[in-house]
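I have placed the structure first, in the form of structure tokens, so that the comments after it can refer back to it.
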Amino acid sequence: MGLPRKVRASLLVVAVLLAAVGCGNSESDDGAAQAETGGLIGISMPSGDQARWITDGENLSYQFERMGYTADVEVADGKPAKQIQQIQQMIDSGARALVISAVDGKSLTGVLEKAHEAKVKVIAYDRLIEGTPDVDYFATFDGRRVGVLQASYLVDALGLRNGGEPVTMELFAGSADDNNASVFYKGAMSVLQPFIASGRLDVRSGQTSFSAVTTKAWSDEVARQRMARILDEYYQSDDLDAVLSPYDGMSRGVLQAITAAGKKRPVITGQDAEIESVKLIASGKQDQTVFKDTRKLAELAANMVKTLLTGGTPTVTDTTQFDNGVKVVPTALLQPVTVVKSNYEKILVGSSYYSAAQVGLAS
Ligand code: GAL
């Protein structure tokens, strides 16, 4: 990203030509030179609608170019077929490695077989790629912890550990085609389930199973519609006290439905520290988000690729958890952080993730 597509395409052609005549750092006929850095890296992001993936693409591109590689970032617009086509194109253009955040984690088996045949290394970036042996490593955040942080925030904010009257809550999970959605939800439910079982938490819709609460494509609009239906059906005469939301975009959709129904604002969580939600947190309209420093994730993934392409073995932190149905994918996990009104400035502005002006603070 950053550069217009035509410029990127021309850069790509130059890189491929240089490689063909044996210039620059690109590979030559000498096996040892394969260990050099340089050459093309394909970066495949799932969607441009959710703010973070654009930034992730830019961060990855920055890291690879800093290391001497050429980066081609493509965005699949939420369409699995488009992503497959873009990845195939990257393989055909001679990519040495692919960093992929899948639209649909189970849709890439065929194209990754082609990558494997072409000896292209594959890193799953923040979303597990499932049902294929042709994924080398996974770079992500501790997703179970994301869910635990969201649910723990709700438990504390609602004072659930103190006895008291039942408190109402509705539950939302992410997209069923993204393995993260169930990981976050399981983490959250490990904290919330005992309160539901004891009756302290009342999920009035009765929708608590993962399949009942998923949200196609993590869509704000799908979340808004479901929230509106639930309010209409179960909260005609009451306010809803709290909402477990796994992602900021969905939180904003839920809040729209609440406003439209004229209800009191529930306590609500989120994830990604998207700029629009950080502003809502600053102005007291959303309570919490989970910050995942995607600059660090991009650096981690780029280092994995460099290590692999220079003949090394990347360091991982988990070799048991991420079974993709065919293999356990060796994984490096980063830790997420809870962000609320009292710490957003320190965590997000203090680390220069956002400028003071971006989050609406006087700079
Ligand atoms: C997930 C990711 C979340 C959020 C969501 C919607 O895979 O882990 O951080 O970005 O997608 O884009």
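All values reported here derive from a predicted model rather than from experimental measurement. Each ligand, and each atom within it, is numbered from 1 in the order the structure gives.
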Exercise. Applying salt bridge (charged side-chain N to carboxylate O under 4.0 Å, His left out), which residue pairs with at least one partner in residues 138-157 are found, sequence neighbours left out?
Worked result: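 Output for this query lists D156-R161.
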Problem set entry | Presence of salt bridge, K79 and D77, under 4.0 angstrom | no
List, one per line, each side-chain donor-acceptor pair under 3.5 Å for residues 105-114, sequence neighbours excluded.
unit_1	atom_1	unit_2	atom_2	d
S107	OG	D104	O	2.9
T109	OG1	G131	O	3.2

For this session: Measure the acute angle between the ring planes of Y185 and F210, then classify it against the limits of 30° and 60° as parallel, tilted or perpendicular.
Result: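 Ring orientation of Y185 relative to F210: tilted.
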Problem set entry | Shortest non-hydrogen contact from N180 toward D126 |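 For N180 versus D126, the nearest heavy atoms are ND2-O, 2.7 Å.
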Could you give the N/O to N/O pairs under 3.5 Å linking ligand 1 and the protein, each with its distance?
unit_1	atom_1	unit_2	atom_2	d
ligand 1	7 (O)	R127	NE	2.7
ligand 1	7 (O)	D178	OD2	2.5
ligand 1	7 (O)	N180	ND2	2.8
ligand 1	8 (O)	D126	OD2	3.2
ligand 1	8 (O)	N180	ND2	3.0
ligand 1	8 (O)	K292	NZ	2.9
ligand 1	9 (O)	R52	NH1	2.8
ligand 1	9 (O)	D272	OD1	2.6
ligand 1	9 (O)	D272	OD2	3.4
ligand 1	9 (O)	K292	NZ	2.8
ligand 1	10 (O)	R52	NH1	3.4
ligand 1	10 (O)	D272	OD2	2.6
ligand 1	11 (O)	R127	NH2	2.9
ligand 1	12 (O)	Q50	OE1	3.3
ligand 1	12 (O)	W53	NE1	3.0
ligand 1	12 (O)	R127	NH2	3.4

Exercise. Tell me, which pairs form a ring-ring contact (aromatic ring centres under 6.0 Å, His included) where one or both residues lie in residues 310-346, sequence neighbours left out?
Worked result: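 Every pair satisfying ring-ring contact (aromatic ring centres under 6.0 Å, His included) with a residue in residues 310-346: F138-F322.
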